[in-house]
Visitor: 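Pasting a structure here, questions to come.
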Amino acid sequence: MGKGIPLSDQDRIPWLCSLHDILLRDTASGQRVVLACSALKKMYRDILVRGKDSAPPKRGESKEKKRAEVQLLVVHLSGSFEVISGRLLQRKGHFMPPELLQSQFDTLEPPTAPENFIQISVDKKLSEIITTVMETLKMKRDSFPVGGLEQKQA
């Protein structure tokens with residue numbers, strides 16, 4: 001991205017699988033984790049939840065079954081191209097050049113049911129966004145098992 005070339009699914013999948021493994025490890029040890037990343041497609045969010053099970057297998061590779069999933073609340077920050085572009089142009093030294101923003105919007109698959117998500121407008125004040133996220137987490141805390149994992153039967 002730093003060179004002005006959008007990432008492909010093949011570029012993103014190993015990175016997303018690594019993030020899943022980190023989430024799984026940290027939540028298994030009882031930590032509460034916040035991960036900020038642009039999981040633009042449903043497939044990317046599925047990989048964050050299920051790891052390699054959700055990634056398309058490479059040629060000649062069979063899918064392995066994982067025994068645990070990460071319980072994930074997606075916070076979808078939504079905004080117009082114009083607002084986000086204006087903010088991106090104000091950033092100094094950011095790795096993503098503003099020229100790639102359109103490719104991000106083109107790739108975006110906003111979360112939908114049955115994904116576990118909330119949508120918040122970036123037009124809100126930062127304090128309002130934080131309050132909404134924190135209130136949602138408090139409400140959903142009881143639905144997240146201890147350790148943040150859901151055990152799956154093999």
Visitor: Between NZ of K138 and NZ of K140, what distance do you get to the nearest 0.5 Å?
Guide: 15.5 Å

Visitor: Honestly curious: do V70 and V33 fall in one hydrophobic cluster under the side-chain, below-4.5 Å linking rule?
Guide: yes

Visitor: Measure the spacing between CD of E69 and OG1 of T27 and express it to the nearest 0.5 Å.
Guide: 11.5 Å

Visitor: Between the main-chain N or O of D26 and the side-chain N or O of S29, is there a donor-acceptor pair closer than 3.5 Å?
Guide: yes

Visitor: Please test L72 against F117 for side chain to side chain contact (heavy atoms under 4.5 Å, CB included), starting from the C-alpha separation and ending with a verdict.
Guide: CA-CA 8 Å; L72 187 69; F117 76 98; over 6 Å; no

Visitor: Please round to the nearest 0.5 Å and tell me the distance separating atom CG of N116 and atom OG1 of T136.
Guide: 10.0 Å

Visitor: Taking the side chain as every heavy atom from C-beta outward, state whether V122 and R87 have any atom pair closer than 4.5 Å.
Guide: yes

Visitor: To check you understand the geometry: which heavy-atom pair defines the closest contact between W15 and C37, and what is its length?
Guide: CH2-CB, 3.7 Å

Visitor: Run D46 and K41 through side chain to side chain contact (heavy atoms under 4.5 Å, CB included) and show every step you take.
Guide: CA-CA 9 Å; D46 288 346; K41 292 183 177 182; over 6 Å; no

Visitor: If you measure from CD on E99 to CG on L88, what distance do you get to the nearest 0.5 Å?
Guide: 8.5 Å

Visitor: List for me each residue that meets ring-ring contact (aromatic ring centres under 6.0 Å, His included) alongside F105, sequence neighbours excluded, and say none if there are none.
Guide: F81

Visitor: If you apply the rule side chain to side chain contact (heavy atoms under 4.5 Å, CB included), what do you find for L89 with S85, and how did you get there?
Guide: CA-CA 6 Å; L89 289 170; S85 178; 4.1 Å; yes

Visitor: Donor-acceptor pair, H20 side chain versus L48 backbone, under 3.5 Å?
Guide: yes

Visitor: Taking atom CG of L7 and atom CD1 of I13, what is their separation to the nearest 0.5 Å?
Guide: 11.5 Å

Visitor: Within the 4.5 Å heavy-atom criterion, are V49 and I47 side-chain neighbours or not?
Guide: no

Visitor: Restricting to non-hydrogen atoms, name the atom on S121 and the atom on I129 that form the minimum distance, rounded to 0.1 Å.
Guide: O-CD1, 3.9 Å

Visitor: Report yes if the side chains of H76 and I118 come closer than 4.5 Å at any heavy-atom pair, otherwise no.
Guide: no

Visitor: Strictly by modelled atom types, are S8 and D11 linked by a side-chain donor-acceptor pair under 3.5 Å?
Guide: yes

Visitor: Under the salt bridge (Lys or Arg N to Asp or Glu O under 4.0 Å) definition, can you give me all pairs with a residue in residues 110-136, not counting sequence neighbours?
Guide: R45-E115

Visitor: Test Q104 against L40 for side chain to side chain contact (heavy atoms under 4.5 Å, CB included), laying out the working first.
Guide: CA-CA 7 Å; Q104 300 284 286; L40 299 170; 3.4 Å; yes

Visitor: Determine the minimum heavy-atom distance between Q119 and S78, stating which atoms define it.
Guide: NE2-OG, 3.4 Å

Visitor: Quick check for you: to the nearest 0.5 Å, what is the distance between C17 atom SG and L24 atom CG?
Guide: 12.0 Å

Visitor: Hey, is the main chain of K42 close enough, under 3.5 Å, to the side chain of E109 for a donor-acceptor pair?
Guide: yes

